[in-house]
Amino acid sequence: MEGDSVKLLGFWGSPAVLRVKWALAVKGIECQYVEEDLSNKSDMLLKYNPVHKKVPVLVHQGKPLAESLLILEYIDETWKQNPLLPHSPYERAQARFWSKFVDDKCMPTVVAAFSKVGEEQQKAAEEARENLKRLEVGLEGKQFFGGDNIGFADIAIGWLPYWIEIAEEVVAINLIDAGSMPKLNSWFHTFIDIPIIKELLPPRHKLLHHTKAFLQA
């Protein structure tokens with residue numbers, strides 16, 4: 001399992017790709033990163049992910065894996081150092097639950113809050129705030145979703161507030177604030193200040209431009 005046998009096909013502005021980059025960094029795994037042009041997908045991407053034809057794709061020893069949460073689990077099971085999932089079966093289930101909750105509940109309503117207009121936008125924003133408030137339950141009595149240290153759920157969820165802050169600047173809708181979501185707000189700033197996390201974030205100005213283009217498309 002040498003570092004040079006690990007390849008990651010990604011796109012710089014993809015939250016799902018960022019998850020995988022973070023997981024590999026926490027594990028100390030070097031990989032060959034291949035930037036994809038999603039408007040002109042490479043033959044390599046189409047070969048390795050013929051079903052969904054999207055990033056990220058992790059290729060380990062010639063074998064491709066798609067879907068970011070599944071890739072995180074594979075990384076954790078393959079490289080045992082710095083475990084992402086906790087030892088307790090219950091805590092492992094909780095980490096998976098909150099990670100899936102963000103993908104299934106938070107992300108669609110957040111996207112709707114920034115892409116809809118008028119009354120539909122206000123309704124989506126309220127639903128997004130309710131889901132984000134529910135997410136705080138996963139932080140009850142803990143600094144991170146993983147406990148005293150970052151873990152699987154932190155890596156799976158950590159991109160969300162960063163993207164929300166940028167989208168808030170574009171659309172001028174507030175979804176997260178210290179008053180209504182103190183635990184989530186505090187967790188985000190603590191998580192994002194961890195050097196290994198911060199250094200892999202996409203440049204804010206570049207992501208801001210990309211988000212404007214996406215929301216105005």
Side-chain angles (χ1 to χ4, degrees), residues 10-22 36-41 45 49 51-56 66-72 94-140 145 152-189 191-192 197 201-217:
F11 171 67
W12 70 268
S14 165
V17 172
L18 182 60
R19 286 171 165 173
V20 179
K21 287 181 177 180
W22 277 340
E36 282 288 333
D37 177 359
L38 299 184
S39 64
N40 183 27
K41 297 174 182 178
L45 176 58
N49 191 3
V51 176
H52 297 299
K53 303 174 184 175
K54 63 181 183 180
V55 294
E67 301 300 311
S68 61
L69 292 182
L70 297 179
I71 292 173
L72 294 192
Q94 287 293 100
R96 294 185 177 105
F97 173 84
W98 289 117
S99 301
K100 197 168 187 306
F101 178 78
V102 163
D103 281 10
D104 292 349
K105 296 293 185 181
C106 294
M107 185 159 34
T109 54
V110 166
V111 170
F114 293 123
S115 58
K116 302 288 185 182
V117 294
E119 187 176 328
E120 284 188 337
Q121 186 179 56
Q122 295 304 318
K123 182 179 178 181
E126 185 57 36
E127 191 175 352
R129 292 186 193 102
E130 289 173 3
N131 284 330
L132 290 166
K133 187 66 179 171
R134 292 189 186 103
L135 184 59
E136 283 200 312
V137 174
L139 287 165
E140 199 66 49
F145 285 91
F152 186 95
D154 299 280
I155 287 171
I157 298 167
W159 64 271
L160 186 63
Y162 187 68
W163 263 254
I164 286 177
E165 278 193 350
I166 288 172
E168 283 176 338
E169 186 173 332
V170 177
V171 184
I173 289 181
N174 179 254
L175 295 184
I176 298 178
D177 65 76
S180 62
M181 303 170 203
K183 291 191 288 289
L184 191 64
N185 185 70
S186 176
W187 160 79
F188 166 59
H189 287 98
F191 174 76
I192 221 71
I197 298 300
L201 287 171
R204 198 178 192 284
H205 68 281
K206 188 177 180 182
L207 191 58
L208 179 62
H209 178 76
H210 176 72
T211 302
K212 283 181 179 178
F214 171 77
L215 294 175
Q216 292 168 2

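Values in this document were obtained by computation on a predicted structure and should not be read as measured data.
- Nearest heavy-atom pair across Ile192 and Gly158 is CD1-O, 4.2 Å.
- Look at Lys133 and Glu130 and you find no salt bridge, because none of the NZ, NE, NH1 or NH2 atoms lies under 4.0 Å from a carboxylate O.
- For the atom pair CG (Leu201) and NZ (Lys21), the distance works out to 10.0 Å, reported to the nearest 0.5 Å.
- Ring geometry, His210 versus Phe11: the interplanar angle falls from 30° to 60°, so the pair is classed tilted.
- At least one side-chain heavy atom of Glu136 sits under 4.5 Å from a side-chain heavy atom of Pro182.
- Side chain of Gln121 to backbone of Ala113: a donor-acceptor contact under 3.5 angstrom is found.
- The distance between the ring centers of Trp22 and Phe191 falls below 6.0 angstrom.
- With contacts defined as side-chain heavy-atom distances shorter than 4.5 Å, the pair Ile197/Asp154 does not qualify.
- The aromatic ring centroids of Trp159 and Tyr162 lie 6.0 Å or more from each other.
- Two residues are said to be in side-chain contact when any heavy atoms from C-beta on lie closer than 4.5 Å; Trp163 and Val110 fail this criterion.
- Listed for the His189 side chain is a donor-acceptor partner under 3.5 Å among the backbone atoms of Asn185.
- Sorted by first then second residue, the salt bridge (charged side-chain N to carboxylate O under 4.0 Å, His left out) pairs that include residues 163-185, not counting sequence neighbours, are Glu140-Lys183, Glu169-Arg204.
- Rounding to the nearest 0.5 Å places NE2 of His209 at 10.0 Å from NE2 of His205.
- Surrounding NZ of Lys53 are at most 12 heavy atoms belonging to other residues, nucleotides or ligands under 6.0 Å away.
- Between the side chain of Asp104 and the backbone N or O of Cys106, no donor-acceptor pair lies under 3.5 Å.
- Note that the CG atom of Leu45 and the NZ atom of Lys54 stand 11.0 Å from one another [nearest 0.5 Å].
- In this structure the side chain of His52 reaches within 4.5 angstrom of the side chain of Glu67, judged on heavy atoms.
- Side chains of Met181 and Arg129 form a contact here, defined as non-hydrogen atoms less than 4.5 Å apart.
- Between Phe114 and Val170, every side-chain heavy-atom pair lies at or beyond the 4.5 Å cut-off.
- Not a single side chain to side chain donor-acceptor pair (under 3.5 Å) links Ser14 to another residue, sequence neighbours left out.
- Between Leu132 and Ile164, some side-chain heavy-atom pair lies under the 4.5 Å cut-off.
- Heavy atoms of other residues, nucleotides or ligands lying less than 6.0 angstrom from NZ of Lys105 number 12 at most.
- Of all heavy-atom pairs spanning Ala128 and Thr109, the tightest one is CA-OG1, 3.4 Å.
- Not a single ring pair (Phe, Tyr, Trp, His ring centres under 6.0 Å) links Phe188 to another residue, sequence neighbours left out.
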**OP:** Give the C-alpha distance, both sets of side-chain angles, the deciding distance and a yes or no for side-chain contact (heavy atoms from CB on, under 4.5 Å) between Leu135 and Phe145.
**Re:** CA-CA 10 Å; Leu135 184 59; Phe145 285 91; 3.9 Å; yes
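- Considering all non-hydrogen atoms of both residues, Leu69 and Ser99 come closest at CD2-CB, 4.1 Å.
- A pairwise comparison of heavy atoms in Met107 and Asp103 identifies CE-OD1, 3.7 Å as the closest pair.
- Within the 4.5 Å cutoff, the side chain of Leu207 has heavy atoms near those of the Thr211 side chain.
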